[in-house]
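First comes the structure, then the notes that go with it.
In listed order, ligands and their atoms are each counted from 1. In what follows, every heavy atom counts, from backbone to side chain, and hydrogens, waters and symmetry copies are set aside.
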Amino acid sequence: MQVLGTIAEVRAARGGLGTLGLVPTMGFLHEGHLSLVRRARAECGAVAVSIFVNPTQFGPNEDLARYPRDLARDLALLDGEGAELVFNPSAAEIYPRGFSCRIEVEGVTSPLEGAARPGHFAGVATVVAKLFNIVQPSRAYFGQKDAQQAVVIRRMVSDLDMPVQVVVADTVREADGLALSSRNVYLDAAERAVAPTLFRALSRAKGLFEGGERDAQALREVVRDLIADQPGFRVEYVSVADPDTLQELGTVGSTALMSLAARLGRTRLIDNVVLRCSHEPMAGEPDLW
Ligand code: PAF
């Protein structure tokens with residue numbers, strides 16, 4: 001496994017790697033990241049993983065300084081998965097003096113995480129575009145856990161004709177339903193015990209949807225009420241939105257993205273489920289989610 005820190009080194013290594021799958025990460029890897037690496041391994045000739053805690057996607061009062069890091073452990077895990085290349089640049093390598101560009105994806109970045117975290121998606125889109133240009137992957141792998149991020153990246157790739165196929169893989173969860181996240185280490189024992197409430201609430205709403213409930217507000221309220229029954233949560237939003245535009249729905253048709261963000265102590269958690277009428281996909285129907 002090659003561990004490279006500069007763009008020039010990656011460019012030199014890229015030629016020999018053929019069909020390359022890229023898993024962009026901010027490190028402190030967990031089973032969710034590793035499942036993306038395994039999927040890339042199965043679908044591509046070679047796998048590259050980037051480890052870069054991207055400063056431009058953190059707001060001034062967010063957790064950039066305390067974001068968990070353990071490079072030695074990450075490299076051992078990736079070696080165990082048989083990744084061919086790890087790109088672990090410095091901030092100065094990605095954002096050299098005088099750097100002045102920013103990719104703004106309009107519309108889908110406005111609600112939800114975009115409203116709660118101004119500038120976040122410009123930081124994500126810009127660094128992901130740079131990673132695509134540097135690594136030149138055939139496919140890039142992202143988790144459904146960050147559903148809005150996936151929508152933003154698909155939009156950017158489509159609008160800017162980037163020659164990369166975006167693959168979005170299912171959220172990996174703990175046995176009790178908590179979505180894996182590097183930030184889960186912030187939770188203390190009491191918070192960790194109640195954290196699965198979020199997925200339980202989303203699952204309850206999904207069950208009601210599957211039972212015929214189509215009133216989006218009723219579904220939002222079920223989730224809010226279940227979370228309110230547990231101590232310690234401060235809900236930021238519960239959304240039932242069109243999965244492509246992320247506009248809030250009044251009535252759910254065949255598909256919706258139900259997502260939420262809540263604070264639990266000092267930790268901000270997000271999660272989502274896809275509401276979809278069960279039907280056999282028609283030939284040629286895109287499987288976006
Ligand atoms: O999902 C993440 O870990 C980050 O947002 C990403 C895609 C690696 C960009 O910094």
Side-chain angles (χ1 to χ4, degrees), residues 5 7 10 20-37 39-40 47-59 62-71 73-74 77-78 83 85-95 99 101-105 108-109 112-114 116-135 137 139-157 160 162 164-172 179-186 259 261 267-272:
I7 295 165
V10 175
L20 184 62
L22 171 66
V23 182
T25 82
M26 298 207 298
F28 208 69
L29 303 179
H30 52 64
E31 199 52 34
H33 299 111
L34 299 183
S35 73
L36 299 179
V37 172
R39 173 120 179 230
V47 179
V49 179
S50 60
I51 299 178
F52 178 60
V53 182
N54 174 36
T56 64
Q57 69 188 75
F58 289 79
E62 293 185 357
D63 57 344
L64 173 60
R66 70 179 183 124
Y67 194 82
R69 293 163 169 87
D70 190 342
L71 183 61
R73 182 176 159 276
D74 290 348
L77 288 169
L78 293 174
L85 191 157
V86 176
F87 180 40
N88 176 224
S90 65
E93 181 72 9
I94 297 295
Y95 301 114
F99 186 88
C101 284
R102 201 159 82 134
I103 294 191
E104 285 285 359
V105 179
V108 290
T109 56
L112 310 175
E113 291 303 287
R117 306 181 64 190
H120 169 69
F121 285 121
V124 171
T126 304
V127 81
V128 170
K130 283 192 62 111
L131 291 169
F132 287 175
N133 282 336
I134 295 164
V135 178
R139 294 173 176 219
Y141 294 81
F142 299 89
Q144 165 68 16
K145 155 98 178 354
D146 295 299
Q148 189 174 10
Q149 170 171 279
V151 171
V152 170
I153 290 167
R154 281 192 197 281
R155 186 77 261 157
M156 174 182 77
V157 164
L160 299 181
M162 294 178 169
V164 54
Q165 187 185 338
V166 175
V167 179
V168 180
D170 286 349
T171 302
V172 178
L180 295 194
S181 163
S182 303
R183 290 184 166 102
N184 289 350
V185 292
Y186 299 153
S259 62
T267 310
R268 187 169 182 279
L269 298 170
I270 60 172
D271 202 350
N272 67 83

Under 4.0 Å from any heavy atom of [X], which atoms of ligand 1 are there?
X	answer
Thr25	8 (C)
Gln149	1 (O), 2 (C), 4 (C), 5 (O), 7 (C)
Val127	9 (C), 10 (O)
Pro24	8 (C)
Gln57	4 (C), 5 (O), 9 (C), 10 (O)

Problem - Residue, atom name and distance, where the atom is the protein heavy atom closest to atom 3 (O) of ligand 1 - result: Met26 CG, 3.6 Å
Problem - Any donor-acceptor N/O pair, Asn272 side chain to Gln144 backbone, under 3.5 Å - result: yes
Practice task
Verify, without hydrogens or angle tests, whether Ser182 (side chain) and Phe28 (backbone) share a donor-acceptor contact under 3.5 angstrom.
Solution key: yes
Exercise for the section: Report yes or no: is the cationic atom of Arg66 (NZ for Lys, CZ for Arg) under 6.0 Å from the centre of the six-membered ring of Tyr186, at an angle within 45° of the ring normal? Expected result: yes
Problem - cation_pi(Arg183, Tyr67) dist<6.0 Å, angle<=45 - result: no
Problem - Salt bridge Glu113-Arg268, side-chain N to carboxylate O under 4.0 Å - result: yes
